[in-house]
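What follows is a short report on a single structure.
Counting convention: from 1, in listed order, for ligands and their atoms alike. If you're wondering where the values come from, they're calculated on a predicted model, not measured in any experiment. All residue numbers in this chain count up from 1 along the given sequence.
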Amino acid sequence: MTRSVRICLLPGDGIGPEITREAVKVLRAIGERRGVEFDFREALLGGVAIDETGSPLPPKTLAEAHAADAVLLAAIGGPKWDTTDPAKPRPEQGLLGIRKELGLYANLRPVRIFAPLVGASSLKPEALEGVDMLIVRELTGGLYFGARGREADALGAATGGGAGRRAYDTLDYREYEIERIARTAFEAARGRRSKVHSVDKANVLESSRLWREVVHEVARDYADVELIDQLVDNTAMQLVRRPAQFDVIVTENMFGDILSDEASMLTGSLGMLASASLGDGTALYEPSHGSAPDIAGLGVANPLAMLLSVEMMLRHSLGMQEASDALSDAIARTLDDGYRTRDIADENTDAALLVGTVEMGDLVVARL
Ligand code: NAD
(Lines give C-alpha, C1' and ligand atoms only; values in the text may rest on other atoms or scores of the structure.)
Protein backbone atom coordinates (compact mmCIF):
# COMPACT_ATOMS: atom_id res chain seq x y z
CA MET A 1 0.00 0.00 0.00
CA THR A 2 1.20 3.46 -0.80
CA ARG A 3 1.79 5.68 2.18
CA SER A 4 0.70 9.29 1.79
CA VAL A 5 2.67 12.10 3.36
CA ARG A 6 1.44 15.66 3.40
CA ILE A 7 4.05 18.37 2.96
CA CYS A 8 3.29 22.06 3.29
CA LEU A 9 5.54 23.90 0.81
CA LEU A 10 6.42 27.53 1.43
CA PRO A 11 8.52 28.66 -1.57
CA GLY A 12 8.56 32.31 -0.43
CA ASP A 13 10.63 34.90 -2.25
CA GLY A 14 13.80 35.36 -4.35
CA ILE A 15 15.42 32.03 -5.18
CA GLY A 16 12.85 30.26 -2.98
CA PRO A 17 10.61 28.98 -5.81
CA GLU A 18 13.62 27.73 -7.81
CA ILE A 19 15.08 25.63 -5.01
CA THR A 20 11.62 24.43 -3.96
CA ARG A 21 11.12 22.90 -7.43
CA GLU A 22 14.31 20.88 -6.93
CA ALA A 23 13.12 19.67 -3.52
CA VAL A 24 9.81 18.54 -5.02
CA LYS A 25 11.63 16.76 -7.84
CA VAL A 26 13.88 14.92 -5.41
CA LEU A 27 11.00 13.98 -3.08
CA ARG A 28 8.93 12.64 -5.99
CA ALA A 29 11.89 10.50 -7.06
CA ILE A 30 12.32 9.21 -3.52
CA GLY A 31 8.58 8.54 -3.24
CA GLU A 32 8.52 6.53 -6.49
CA ARG A 33 11.38 4.34 -5.28
CA ARG A 34 9.89 3.77 -1.83
CA GLY A 35 6.14 3.61 -2.33
CA VAL A 36 5.45 6.97 -0.69
CA GLU A 37 3.12 9.50 -2.22
CA PHE A 38 3.96 13.09 -1.33
CA ASP A 39 0.91 15.31 -1.17
CA PHE A 40 2.35 18.80 -1.68
CA ARG A 41 0.30 21.78 -0.51
CA GLU A 42 1.79 25.11 -1.50
CA ALA A 43 1.07 28.16 0.62
CA LEU A 44 2.13 31.81 0.84
CA LEU A 45 4.68 33.23 3.26
CA GLY A 46 6.82 36.37 3.34
CA GLY A 47 6.93 39.03 0.64
CA VAL A 48 4.79 37.11 -1.84
CA ALA A 49 2.14 36.72 0.88
CA ILE A 50 2.23 40.46 1.61
CA ASP A 51 1.73 41.19 -2.10
CA GLU A 52 -1.19 38.80 -2.47
CA THR A 53 -2.95 39.12 0.88
CA GLY A 54 -1.45 42.06 2.77
CA SER A 55 -0.18 39.73 5.49
CA PRO A 56 3.22 37.99 5.66
CA LEU A 57 1.54 35.00 7.32
CA PRO A 58 -2.03 34.52 6.05
CA PRO A 59 -4.31 32.33 8.24
CA LYS A 60 -4.63 29.82 5.36
CA THR A 61 -0.88 29.24 5.43
CA LEU A 62 -0.96 28.56 9.13
CA ALA A 63 -3.83 26.09 8.70
CA GLU A 64 -1.92 24.24 5.94
CA ALA A 65 1.18 24.11 8.14
CA HIS A 66 -0.72 22.69 11.10
CA ALA A 67 -2.39 20.05 8.93
CA ALA A 68 0.86 18.85 7.32
CA ASP A 69 3.25 16.11 8.41
CA ALA A 70 6.09 18.59 7.89
CA VAL A 71 6.68 22.09 6.53
CA LEU A 72 9.36 22.79 3.94
CA LEU A 73 10.24 26.46 3.66
CA ALA A 74 12.67 27.92 1.11
CA ALA A 75 13.39 31.59 1.93
CA ILE A 76 11.60 34.88 2.36
CA GLY A 77 12.40 38.57 2.02
CA GLY A 78 13.98 40.97 -0.42
CA PRO A 79 14.64 44.66 -1.03
CA LYS A 80 11.12 45.14 -2.38
CA TRP A 81 9.71 44.73 1.13
CA ASP A 82 12.50 46.35 3.14
CA THR A 83 11.08 49.06 5.37
CA THR A 84 11.83 50.63 8.71
CA ASP A 85 8.23 51.80 9.05
CA PRO A 86 6.88 49.72 11.96
CA ALA A 87 3.34 50.11 10.60
CA LYS A 88 4.17 48.24 7.35
CA PRO A 89 4.19 44.42 7.21
CA ARG A 90 7.62 42.82 6.73
CA PRO A 91 8.41 39.33 5.34
CA GLU A 92 10.41 38.41 8.48
CA GLN A 93 7.24 38.73 10.52
CA GLY A 94 5.93 35.75 8.56
CA LEU A 95 8.96 33.67 9.48
CA LEU A 96 9.01 34.67 13.16
CA GLY A 97 5.23 34.25 13.27
CA ILE A 98 5.10 30.74 11.84
CA ARG A 99 7.90 29.60 14.17
CA LYS A 100 5.97 31.01 17.11
CA GLU A 101 2.58 29.64 16.00
CA LEU A 102 3.95 26.14 15.43
CA GLY A 103 5.68 26.34 18.81
CA LEU A 104 9.07 25.72 17.19
CA TYR A 105 11.47 26.44 19.98
CA ALA A 106 14.54 24.54 18.81
CA ASN A 107 16.51 25.34 15.67
CA LEU A 108 19.01 22.66 14.71
CA ARG A 109 21.77 23.56 12.28
CA PRO A 110 24.33 20.93 11.41
CA VAL A 111 27.68 22.23 10.18
CA ARG A 112 29.69 19.59 8.44
CA ILE A 113 32.49 19.82 5.96
CA PHE A 114 32.11 18.01 2.66
CA ALA A 115 35.67 16.94 1.83
CA PRO A 116 35.60 18.12 -1.81
CA LEU A 117 34.53 21.60 -0.67
CA VAL A 118 37.29 22.21 1.86
CA GLY A 119 38.84 24.68 -0.61
CA ALA A 120 35.68 26.83 -0.58
CA SER A 121 36.22 27.77 3.05
CA SER A 122 38.23 30.83 3.93
CA LEU A 123 39.94 28.81 6.69
CA LYS A 124 42.98 26.62 6.12
CA PRO A 125 42.11 22.97 5.41
CA GLU A 126 43.99 21.81 8.54
CA ALA A 127 41.76 24.02 10.74
CA LEU A 128 38.70 22.29 9.30
CA GLU A 129 39.74 18.72 9.91
CA GLY A 130 37.10 16.88 11.94
CA VAL A 131 34.54 19.70 11.90
CA ASP A 132 31.10 18.20 12.54
CA MET A 133 28.92 20.25 14.85
CA LEU A 134 25.29 20.86 15.57
CA ILE A 135 24.15 24.31 16.66
CA VAL A 136 20.98 24.21 18.77
CA ARG A 137 19.52 27.69 18.87
CA GLU A 138 16.59 28.73 21.07
CA LEU A 139 13.99 30.23 18.76
CA THR A 140 11.05 31.69 20.64
CA GLY A 141 12.55 33.77 23.43
CA GLY A 142 15.17 36.42 23.96
CA LEU A 143 15.59 39.80 22.31
CA TYR A 144 13.58 38.98 19.21
CA PHE A 145 10.41 38.47 21.24
CA GLY A 146 10.95 40.60 24.35
CA ALA A 147 9.24 43.90 25.06
CA ARG A 148 10.41 46.63 22.72
CA GLY A 149 9.52 50.14 21.92
CA ARG A 150 10.38 53.67 21.12
CA GLU A 151 9.75 56.73 23.16
CA ALA A 152 10.82 60.30 23.35
CA ASP A 153 14.03 60.52 25.34
CA ALA A 154 13.26 63.37 27.68
CA LEU A 155 16.51 62.89 29.61
CA GLY A 156 18.75 62.63 26.51
CA ALA A 157 17.20 65.67 24.91
CA ALA A 158 17.35 67.62 28.15
CA THR A 159 21.06 66.91 28.65
CA GLY A 160 21.90 67.59 25.01
CA GLY A 161 22.84 63.91 24.65
CA GLY A 162 21.11 63.28 21.32
CA ALA A 163 18.19 64.01 19.10
CA GLY A 164 15.79 63.00 21.83
CA ARG A 165 14.73 59.59 20.50
CA ARG A 166 15.10 56.36 22.40
CA ALA A 167 14.53 52.67 21.52
CA TYR A 168 14.79 49.53 23.59
CA ASP A 169 14.57 45.73 23.26
CA THR A 170 14.41 43.27 26.13
CA LEU A 171 16.32 40.01 26.54
CA ASP A 172 13.84 37.92 28.45
CA TYR A 173 14.00 34.18 29.25
CA ARG A 174 11.80 31.91 31.31
CA GLU A 175 13.03 28.80 33.07
CA TYR A 176 10.92 26.37 31.00
CA GLU A 177 12.23 27.85 27.75
CA ILE A 178 15.80 27.22 28.83
CA GLU A 179 15.04 23.79 30.22
CA ARG A 180 13.44 22.39 27.06
CA ILE A 181 16.14 23.69 24.71
CA ALA A 182 18.82 22.31 27.04
CA ARG A 183 17.11 18.90 26.89
CA THR A 184 17.02 19.05 23.07
CA ALA A 185 20.76 19.71 23.08
CA PHE A 186 21.65 16.97 25.55
CA GLU A 187 19.47 14.43 23.71
CA ALA A 188 21.12 15.37 20.40
CA ALA A 189 24.58 15.07 21.97
CA ARG A 190 23.82 11.51 23.07
CA GLY A 191 23.43 10.50 19.43
CA ARG A 192 26.73 12.21 18.58
CA ARG A 193 29.98 12.75 20.52
CA SER A 194 28.33 13.47 23.90
CA LYS A 195 29.63 17.00 24.35
CA VAL A 196 27.60 20.19 24.85
CA HIS A 197 28.96 23.74 24.84
CA SER A 198 26.41 26.02 26.49
CA VAL A 199 27.05 29.54 25.23
CA ASP A 200 26.03 32.63 27.21
CA LYS A 201 27.21 36.01 28.47
CA ALA A 202 26.84 35.21 32.16
CA ASN A 203 29.55 37.69 33.18
CA VAL A 204 27.24 40.54 32.13
CA LEU A 205 23.64 39.45 31.51
CA GLU A 206 21.16 38.34 34.17
CA SER A 207 19.25 36.27 31.58
CA SER A 208 22.51 34.42 30.90
CA ARG A 209 23.01 33.71 34.61
CA LEU A 210 19.57 32.06 34.71
CA TRP A 211 20.45 30.24 31.47
CA ARG A 212 23.60 28.81 33.04
CA GLU A 213 21.80 27.75 36.26
CA VAL A 214 19.05 25.93 34.41
CA VAL A 215 21.37 24.23 31.90
CA HIS A 216 23.40 22.86 34.83
CA GLU A 217 20.24 21.59 36.53
CA VAL A 218 19.20 19.77 33.34
CA ALA A 219 22.74 18.39 32.96
CA ARG A 220 22.24 16.29 36.09
CA ASP A 221 19.95 14.05 34.02
CA TYR A 222 22.70 13.62 31.42
CA ALA A 223 25.75 12.57 33.39
CA ASP A 224 27.06 10.79 30.28
CA VAL A 225 27.28 14.12 28.40
CA GLU A 226 30.13 16.55 29.01
CA LEU A 227 28.96 20.13 29.60
CA ILE A 228 31.20 23.14 28.97
CA ASP A 229 30.13 26.75 29.62
CA GLN A 230 31.55 29.24 27.17
CA LEU A 231 31.08 32.99 26.84
CA VAL A 232 29.66 34.05 23.51
CA ASP A 233 32.60 36.29 22.60
CA ASN A 234 34.98 33.42 23.23
CA THR A 235 32.81 31.08 21.13
CA ALA A 236 32.89 33.55 18.25
CA MET A 237 36.67 33.33 18.41
CA GLN A 238 36.92 29.55 18.97
CA LEU A 239 34.70 28.86 15.97
CA VAL A 240 37.39 30.15 13.64
CA ARG A 241 40.35 29.16 15.80
CA ARG A 242 39.62 25.51 16.61
CA PRO A 243 36.15 24.60 15.30
CA ALA A 244 36.65 20.85 15.64
CA GLN A 245 36.36 21.17 19.46
CA PHE A 246 32.59 21.57 19.12
CA ASP A 247 30.03 18.79 19.03
CA VAL A 248 26.74 20.40 20.13
CA ILE A 249 26.47 24.13 20.84
CA VAL A 250 23.33 25.30 22.64
CA THR A 251 22.55 28.99 22.96
CA GLU A 252 19.86 31.66 23.13
CA ASN A 253 18.12 33.15 20.12
CA MET A 254 20.28 36.09 19.04
CA PHE A 255 23.64 34.54 19.96
CA GLY A 256 22.55 31.47 17.97
CA ASP A 257 21.50 33.59 15.01
CA ILE A 258 24.93 35.19 14.82
CA LEU A 259 27.07 32.16 15.71
CA SER A 260 25.29 29.88 13.26
CA ASP A 261 26.00 32.29 10.41
CA GLU A 262 29.63 32.47 11.50
CA ALA A 263 29.84 28.66 11.70
CA SER A 264 28.18 28.39 8.32
CA MET A 265 31.14 30.13 6.75
CA LEU A 266 33.37 27.24 7.86
CA THR A 267 31.76 25.29 5.04
CA GLY A 268 32.46 28.05 2.53
CA SER A 269 28.88 28.49 1.41
CA LEU A 270 25.52 29.33 2.85
CA GLY A 271 24.22 27.21 -0.03
CA MET A 272 25.26 24.04 1.84
CA LEU A 273 23.52 24.55 5.20
CA ALA A 274 20.27 23.01 6.23
CA SER A 275 18.20 23.52 9.34
CA ALA A 276 15.35 21.99 11.25
CA SER A 277 13.03 23.78 13.64
CA LEU A 278 11.39 21.46 16.11
CA GLY A 279 8.70 21.91 18.70
CA ASP A 280 5.92 19.76 20.05
CA GLY A 281 3.90 19.63 16.79
CA THR A 282 4.65 19.96 13.07
CA ALA A 283 8.32 20.66 12.42
CA LEU A 284 9.70 23.09 9.85
CA TYR A 285 12.72 22.53 7.60
CA GLU A 286 14.54 25.27 5.74
CA PRO A 287 17.93 26.15 4.32
CA SER A 288 19.94 28.56 6.50
CA HIS A 289 20.47 31.03 3.69
CA GLY A 290 18.14 33.84 2.70
CA SER A 291 16.28 34.56 -0.51
CA ALA A 292 19.44 35.69 -2.36
CA PRO A 293 17.65 38.42 -4.35
CA ASP A 294 20.93 39.17 -6.17
CA ILE A 295 20.72 35.87 -8.07
CA ALA A 296 16.95 35.23 -8.09
CA GLY A 297 15.63 34.04 -11.43
CA LEU A 298 19.10 33.41 -12.91
CA GLY A 299 18.96 29.65 -12.45
CA VAL A 300 22.30 29.60 -10.62
CA ALA A 301 21.14 29.15 -6.99
CA ASN A 302 22.59 26.20 -5.14
CA PRO A 303 19.71 23.86 -4.22
CA LEU A 304 21.82 21.66 -1.92
CA ALA A 305 20.99 23.42 1.38
CA MET A 306 17.33 22.91 0.48
CA LEU A 307 17.98 19.25 -0.36
CA LEU A 308 19.90 18.81 2.89
CA SER A 309 16.84 20.26 4.65
CA VAL A 310 14.77 17.60 2.89
CA GLU A 311 17.26 15.05 4.23
CA MET A 312 16.65 16.30 7.79
CA MET A 313 12.88 16.23 7.22
CA LEU A 314 12.97 12.61 6.04
CA ARG A 315 14.92 11.72 9.19
CA HIS A 316 13.29 13.80 11.92
CA SER A 317 9.64 14.04 10.84
CA LEU A 318 8.90 11.23 8.40
CA GLY A 319 10.77 8.29 9.90
CA MET A 320 12.45 7.63 6.53
CA GLN A 321 16.02 7.08 7.72
CA GLU A 322 17.08 4.97 4.74
CA ALA A 323 15.79 7.53 2.26
CA SER A 324 17.54 10.24 4.24
CA ASP A 325 20.85 8.35 4.10
CA ALA A 326 20.37 7.71 0.38
CA LEU A 327 19.83 11.43 -0.26
CA SER A 328 22.83 12.41 1.84
CA ASP A 329 24.92 9.90 -0.08
CA ALA A 330 23.61 11.11 -3.45
CA ILE A 331 24.55 14.71 -2.57
CA ALA A 332 28.03 13.68 -1.41
CA ARG A 333 28.61 11.65 -4.59
CA THR A 334 27.46 14.53 -6.81
CA LEU A 335 30.11 16.71 -5.14
CA ASP A 336 32.71 13.92 -5.30
CA ASP A 337 32.08 13.74 -9.04
CA GLY A 338 33.13 17.39 -9.24
CA TYR A 339 29.81 19.10 -9.95
CA ARG A 340 29.47 22.62 -8.52
CA THR A 341 27.09 25.52 -8.56
CA ARG A 342 28.75 28.91 -8.87
CA ASP A 343 28.81 29.63 -5.13
CA ILE A 344 30.83 26.50 -4.30
CA ALA A 345 33.08 26.52 -7.35
CA ASP A 346 36.74 27.53 -7.18
CA GLU A 347 39.60 28.05 -9.62
CA ASN A 348 40.05 24.26 -9.89
CA THR A 349 36.46 23.64 -10.97
CA ASP A 350 36.22 22.19 -14.47
CA ALA A 351 34.02 24.59 -16.47
CA ALA A 352 32.11 21.58 -17.84
CA LEU A 353 31.12 20.63 -14.30
CA LEU A 354 29.77 24.07 -13.40
CA VAL A 355 26.00 23.58 -13.25
CA GLY A 356 22.83 25.51 -12.51
CA THR A 357 20.00 24.87 -10.07
CA VAL A 358 18.02 22.44 -12.22
CA GLU A 359 21.04 20.42 -13.37
CA MET A 360 22.24 20.07 -9.78
CA GLY A 361 18.82 18.69 -8.82
CA ASP A 362 18.92 16.26 -11.77
CA LEU A 363 22.41 15.05 -10.84
CA VAL A 364 21.27 14.27 -7.29
CA VAL A 365 18.15 12.46 -8.53
CA ALA A 366 20.30 10.36 -10.88
CA ARG A 367 22.37 9.21 -7.89
CA LEU A 368 19.49 8.32 -5.59
P1 NAD B 1 21.22 35.64 1.62
O2 NAD B 1 21.49 34.38 2.34
O3 NAD B 1 19.97 35.71 0.87
O4 NAD B 1 22.42 35.93 0.61
C5 NAD B 1 23.77 36.14 1.02
C6 NAD B 1 24.72 35.82 -0.15
O7 NAD B 1 24.76 34.41 -0.32
C8 NAD B 1 24.25 36.40 -1.47
O9 NAD B 1 25.36 36.77 -2.23
C10 NAD B 1 23.54 35.23 -2.15
O11 NAD B 1 23.57 35.27 -3.55
C12 NAD B 1 24.33 34.04 -1.62
N13 NAD B 1 23.47 32.85 -1.49
C14 NAD B 1 22.55 32.59 -0.53
N15 NAD B 1 21.94 31.43 -0.77
C16 NAD B 1 22.49 30.93 -1.88
C17 NAD B 1 22.26 29.74 -2.64
N18 NAD B 1 21.36 28.82 -2.28
N19 NAD B 1 23.00 29.54 -3.75
C20 NAD B 1 23.93 30.44 -4.13
N21 NAD B 1 24.19 31.57 -3.46
C22 NAD B 1 23.47 31.81 -2.35
O23 NAD B 1 21.31 36.82 2.71
P24 NAD B 1 21.03 38.37 2.54
O25 NAD B 1 21.53 38.84 1.22
O26 NAD B 1 21.55 38.98 3.76
O27 NAD B 1 19.47 38.52 2.57
C28 NAD B 1 18.65 38.56 1.41
C29 NAD B 1 17.19 38.53 1.82
O30 NAD B 1 16.91 37.28 2.46
C31 NAD B 1 16.85 39.62 2.85
O32 NAD B 1 15.58 40.12 2.53
C33 NAD B 1 16.82 38.86 4.16
O34 NAD B 1 15.95 39.46 5.08
C35 NAD B 1 16.32 37.51 3.73
N36 NAD B 1 16.69 36.41 4.61
C37 NAD B 1 15.78 35.42 4.75
C38 NAD B 1 16.08 34.31 5.51
C39 NAD B 1 15.09 33.21 5.59
O40 NAD B 1 14.20 33.13 4.78
N41 NAD B 1 15.22 32.31 6.54
C42 NAD B 1 17.33 34.22 6.14
C43 NAD B 1 18.27 35.23 5.96
C44 NAD B 1 17.93 36.34 5.19
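- The aromatic rings of Y222 and F186 sit parallel, their planes meeting at an angle under 30°, below the 60° perpendicular limit.
- Checking atom 9 (O) of ligand 1 against the protein gives a heavy-atom contact under 4.0 Å.
- Between R6 and E64 a salt bridge is recorded (basic side-chain N to carboxylate O distance below 4.0 Å).
- A salt bridge is absent between D132 and R112: the closest approach of a Lys/Arg side-chain nitrogen to an acidic carboxylate oxygen does not fall below 4.0 angstrom.
- Under the 4.0 Å distance rule, the nearest protein heavy atom to atom 25 (O) of ligand 1 falls outside the cut-off.
- Not a single heavy atom of A305 sits closer than 4.0 Å to an atom of ligand 1.
- If you number the atoms of ligand 1 from 1 as listed, the ones under 4.0 Å from a heavy atom of A75 come out as 40 (O).
- Among protein heavy atoms, atom 43 (C) of ligand 1 sits closest to G290 CA, 3.5 Å.
- Distances below 4.0 Å separate heavy atoms of E286 from the following atoms of ligand 1: 41 (N).
- For the pair E213 and R209, the salt-bridge criterion is not met [side-chain N within less than 4.0 Å of a carboxylate O].
- When non-hydrogen atoms are compared, ligand 1 lies under 4.0 Å from the side chain of P293 (C-beta onward) but not from its backbone.
- With respect to atom 17 (C) of ligand 1, the closest heavy atom belonging to the protein is N302 N, 3.7 Å.
- Note on R34 versus E322: salt bridge recorded, some NZ/NE/NH1/NH2 to OD/OE distance being below 4.0 Å.
- Salt-bridge formation is detected for the pair R99/E286: a Lys NZ or Arg NE/NH1/NH2 atom is positioned less than 4.0 Å from an Asp or Glu carboxylate oxygen.
- For atom 5 (C) of ligand 1, the closest non-hydrogen atom of the protein is L270 CD1, 4.1 Å.
- Ligand 1 places these atoms under 4.0 Å from at least one heavy atom of G78: 32 (O).
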*asked:* Please determine whether salt bridge (Lys or Arg N to Asp or Glu O under 4.0 Å) holds for the pair R315 and D325, giving the CA-CA distance in whole Å, both sets of side-chain angles, and the decisive distance to 0.1 Å.
replied: CA-CA 9 Å; R315 188 177 308 277; D325 290 343; 2.9 Å; yes
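- Near E92, meaning under 4.0 Å from any of its heavy atoms, are these atoms of ligand 1: 34 (O).
- Distance check for atom 21 (N) of ligand 1: a protein heavy atom is found below 4.0 Å.
- No side-chain donor-acceptor contact under 3.5 Å links Y144 and D169.
- Polar contact check, D294 against ligand 1: a nitrogen or oxygen pair lies under 3.5 Å apart.
- The N/O atoms of A292, backbone and side chain alike, include one that comes under 3.5 Å of an N/O atom in ligand 1.
- For ligand 1, the atoms lying closer than 4.0 Å to a non-hydrogen atom of I295 are 11 (O), 20 (C), 21 (N).
- Counted by atom type alone, H289 and N302 present zero donor-acceptor pairs between their side chains at under 3.5 Å.
- The L95 neighbourhood of ligand 1 comprises atoms 39 (C), 41 (N), with distances under 4.0 Å to a heavy atom of that residue.
- Ligand 1 places these atoms under 4.0 Å from at least one heavy atom of I15: 17 (C), 18 (N).
- A salt bridge is defined here as a Lys NZ or Arg NE, NH1 or NH2 lying under 4.0 Å from an Asp or Glu carboxylate O, and R333 with D329 meets this definition.
- The atoms of ligand 1 that sit less than 4.0 Å from any heavy atom of A301 are 19 (N).
- Of the protein's heavy atoms, I76 N, 2.9 Å lies nearest to atom 40 (O) of ligand 1.
- Ranking the protein heavy atoms by distance from atom 29 (C) of ligand 1 puts S291 OG, 3.3 Å first.
- K195 has no carboxylate O lying under 4.0 Å from a charged side-chain N of E226, or vice versa, which leaves the two without a salt bridge.
- Contact check on D82 versus K88 returns no salt bridge, with no Lys/Arg side-chain nitrogen under 4.0 Å from an Asp/Glu carboxylate oxygen.
- Distances from atom 34 (O) of ligand 1 to the protein include at least one heavy-atom value under 4.0 Å.
- In summary, R340 and D346 do not engage in a salt bridge, as defined by a charged side-chain N under 4.0 Å from a carboxylate O.
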